[in-house]
Amino acid sequence: MTQKKLLLLDGNSLAYRAFFALPPLTNHQGIHTNAVYGFTTMLQKILAEEQPTHMLVAFDAGKTTFRHSTYTEYKGGRQKTPPELSEQFPYVRKLVSAYNMKQYELEMYEADDIIGTLAKQAEEADMQVVIISGDKDLTQLATDKTTVYITRKGMTDIEHYTPAHILEKYGLTPEQIIDMKGLMGDSSDNIPGVPGVGEKTAIKLLKEYPTVEEIYAHVSEVKGAKLQEKLVANEEQAKMSKQLATIEVNAPIEVVVDELGWEGPDVDALFALWQELDFKTLLEKSEYESEAQETTVLEHQIVSNLTAEQLVDGMAIHLEMENAHYHTSKALGLAFVTDTAAYYMPYEDVLQSEEVKAYLQDEAKKKYVFDLKKHQVAFARDQIELKGVEFDLLLAAYIDDPAFASEDIASVSRAYNYTNVQTEESIYGKGAKRAVPSEEVLAEHVCRQALAVYTTREPLLSKLKENEQYDLYTDIELPLAHILGKMETCGIRVNKETLADMGEELTEKLQAIEATIYTLAGTKFNINSPKQLGVVLFETLQLPVIKKTKTGYSTAADVLEKLAPEHEIIEHILQYRQLGKLQSTYIEGLMKEIHEDDHKIHTRYQQALTATGRLSSTDPNLQNIPIRLEEGRKIRKAFVPETEGWQLFAADYSQIELRVLAHMSQDENLMQAFLNGLDIHTNTAMNVFHVEEDEVTSSMRRAAKAVNFGIVYGISDYGLSQNLDISRKEAAEFIERYFASFPGVKTYMDDMVKMAKEKGYVTTLLNRRRYLPDLKSSNFNLRSFAERTAMNTPIQGSAADIIKKAMIDMDAALKEHQLQAKMLLQVHDELIFEAPEEEIAILEKLVPEVMANTVKLDVPLRADYSAGYTWYDAK
DNA sequence: AGTCTCACG
DNA sequence: ACGTACGTGAGACTG
């Protein structure tokens, strides 16, 4: 049998070290984690390298120790432990428990003494001992059987103190470390030593006389009158200091070495803790196998068909596809899982199976999925109409905490302590090596994912009910997923010819501008490279530098606009940028996304991504098609109805965010403005500038509009000053005057931040939550950001709630009125439909009415609308 | 992969 | 004093 090896850890010291060595980290709930993280990475490394058979982590107990009876000032004058660290100690303890390691503390003694005592016992039992600490005092315990590891910067860089190393480093024996400290003292423990004697002098003395006692026995022989004087004057103090620095190796501990056997961590507990603390990298890289994972080497069957009896009510299904682009991606196979059965069916067989197709389309047979919309769209490609989906893990998790946004079942289910799904990467590989694995591997992986859905369903649904978010789930997000799926599947027709023609025109213009720029610059360079452009503008042409970025000169549009009077080249660069953006992103980008077969673009809405509850749109993004500038707006001419003679119909909420603010803040003045149907920006201008309506100039209205935006974003004087290009003082004055006119808004903003700080999260109209851990941050920047977010999210998020509900009502209304009109796009406060011409008049009444009445606020909601043969014309 | 820039609400 | 407007996605460049 190989020799037994005991690892003794100084828990407090290591946690302290880690806390100061690592930048501040927090988990999604705002708990600081850097000390626990550093402790963990250090531990992982040590365990891998040392392969111990026995383990113990020692902690300090309480404030007073036996050393205080010798010297009451021991460890006096210490800075109070920062609260960011204190809150981590319980997690360090939990971590040690999860590793199945013994932890121990003893009244009146420090961790050092426990370690010293156990090290001595272990040596007597002929064990090898490794002591790990951040405190060099421990090195006095080094012997030929005991090595002391001291962490250096970054926690995983470790210095090994053997007697030989100590001799080399200090020229002393380990025992003499105590004497050294007796002489030089230790400011961190408030051990005085001999004033004026530092490390150098202490070592010099100890090389001549081996101990403090010997030094004093020969104190008259010590060279240097000053030094001798100092030594004599502080003899008692030196001896006491030595005593304080001596680690007790006979502490009355109640553990014995034999009880410290260690056989490895409780993997499930460890993973759960890592999950709680957001140690994602550790989770992904971990070589530990979850217990659950081993026991559920899922007894799955690969089948080519299933009977109606096997296709029961209440199954988790999971369709595996080659990649995330589910409009085009190849479907590989489908898993069907309950707590008692798991089947995997290759997708070709699904298409052949009447039983399975009937099951998928059976409303009465409830199914559970991860990403309803993906499944619905994918099945729809093969004319399978998925029905009866009762649970969507993705949406439920998103409602529970939008920070869980992810396309990955492994990470989402792990958030609910389900650690049984392997990562995408481990199945498919990454980068160029990505490949579909064998059917056996794939089948198990897909079944595991379905099982994750099945297993997390009940706890997650109860949690939503507990948090009063179940309605948001069943009445909004779940039905919305179905509607978005229909919109995506339908897609919008885009005329490639139109785009191509615009592209040619742009190419010509761009070439001309490019030539002009080169002439004006006197050199050829890549205009699209901010780096090269910076050199040309600020070095070659010597234009004044207004703003810098991390990496160099800023060449952003607002900077260039300020430089325009300085040099003719600027306007051409701005023009080039503008047209270049249209060309690359909108002409070339959109053309790539037009499907050959139906001449349509099918975007994907991300329904579980944004922190506020808004949707986002990808591949391509149809929520940022140009409109503000005429050149860009023309892109919209390419967006047309599917059918000849139909029209596009667009309806958008008017000032929805400010109306939401009026409702939530109950500010009298703001509410009155909307109740009286006033122009909101003019109204703000009247209030801020104290003028009558007919005295409001266009620049006053512009400033008021910026203030209104600022209010919605969580105002700051700096932000407003940047936006309006005015001084910070002037901006601050605007804000002050705004709040004087709208005091209810001020109160609301303050209350929002206050409530968020109490609860840790903010909520929207329909009870969507957003956690704001950074509100507790000691970092001014992070905290201010979180405070603005606390003001903005209820507004932006409630507006998102409202339009989501409107979409559901709109879908029902179209059905109810048996219209052919189809909802195609959503752009945050706007819905776009296509409809036969004869239905346009109906939509003009119906759509604004449904949008305005979808929720009842204390101010009216209003939607404006327009129709045309292209999206450009629907303005 | 990270940075910069710019399109939208 | 700190250094920002809120929420997104995509393309080009660069290391």
Side-chain angles (χ1 to χ4, degrees), chain A residues 402 405 431 525-534 547-560 573-574 576-590 592-593 603-606 609-629 631-633 635-636 652-658 661 706-724 728 731 735 762 770 772 777-797 799-800 803 825-831:
Chain A
F525 65 101
N526 186 343
I527 307 167
N528 282 322
S529 160
K531 200 179 166 189
Q532 293 181 36
L533 180 61
K547 200 163 77 181
K548 288 201 141 203
T549 65
K550 271 185 220 164
T551 50
Y553 311 111
S554 170
T555 66
D558 62 324
V559 172
L560 295 187
I573 289 166
L574 286 166
Y576 183 87
R577 281 256 181 90
Q578 192 200 327
L579 300 184
K581 175 85 176 175
L582 293 178
Q583 181 75 299
S584 65
T585 307
Y586 295 102
I587 303 291
E588 289 164 6
L590 285 177
K592 272 185 241 160
E593 299 285 348
T603 187
R604 280 180 300 129
Y605 289 103
Q606 304 296 331
L609 186 147
T610 71
T612 55
R614 275 191 177 182
L615 302 176
S616 85
S617 157
T618 58
D619 304 310
N621 181 354
L622 291 185
Q623 292 182 316
N624 71 345
I625 303 302
I627 189 165
R628 291 171 189 169
L629 299 171
E631 292 97 317
R633 192 173 200 157
I635 298 282
R636 296 181 173 225
D652 68 297
Y653 276 113
S654 159
Q655 304 295 351
I656 188 166
E657 293 189 338
L658 285 172
L661 174 63
V707 173
N708 279 335
F709 270 100
I711 291 294
V712 168
Y713 293 157
I715 197 136
S716 75
D717 50 9
Y718 185 86
L720 184 64
S721 74
Q722 288 297 299
N723 192 290
L724 281 176
R728 208 167 138 166
I735 295 167
V762 288
R770 179 175 183 180
L772 295 171
S777 173
S778 53
N779 178 320
F780 175 87
N781 248 336
L782 288 177
R783 195 175 61 247
S784 305
F785 192 8
E787 285 170 359
R788 290 198 295 275
T789 310
M791 300 183 229
N792 169 267
T793 296
I795 301 172
Q796 189 182 123
I803 194 160
L825 303 175
Q826 189 253 42
V827 191
H828 309 307
D829 65 352
E830 180 183 15
L831 296 174

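Order of the sequence lines sets the chain letters (A, B, ...), proteins ahead of strands, with each chain counted from 1.
Sorted by first and then second residue, the salt bridge (charged side-chain N to carboxylate O under 4.0 Å, His left out) pairs involving residues 613-625 of chain A (not counting sequence neighbours) are A:Arg604-A:Asp619, A:Arg614-A:Glu657.
Taking CG of A:Leu609 as the reference point, atom OG of A:Ser617 lies at 11.5 Å (rounded to 0.5 Å). Rounding to the nearest 0.5 Å gives a distance of 11.0 Å between CD1 of A:Ile715 and CZ of A:Arg788. Here the CG-CG distance, from A:Leu622 to A:Leu590, works out to 7.0 Å after rounding to the nearest 0.5 Å.
Close approach of DNA chain C to chain A, defined as any atom under 4.0 Å from a non-hydrogen atom of the protein, starts and stops at C:dC2 to C:dG15. The footprint of chain A on DNA chain B, defined by a heavy-atom cutoff below 4.0 Å, extends from B:dT3 to B:dG9.
Applying a 4.0 Å cut-off to non-hydrogen atoms, none of the residues of residues 551-558 of chain A approaches DNA chain C.
Where DNA chain C pairs in unbroken runs of 3 or more (Watson-Crick or G-U, both distances under 3.5 Å), the stems are B:1-9 with C:6-14.
Looking at heavy-atom distances under 4.0 Å, A:Arg628 makes contact with a base.
Annotation: C:dC2 and B:dT5 have their P atoms spaced 23 Å apart (nearest Å).
Counting only heavy atoms from C-beta outward, the side chains of A:Ile803 and A:Tyr653 approach each other to under 4.5 Å.
Residues satisfying the side chain to side chain contact (heavy atoms under 4.5 Å, CB included) criterion with A:Lys547, sequence neighbours excluded, are A:Ser554, A:Asp558, A:Val559.
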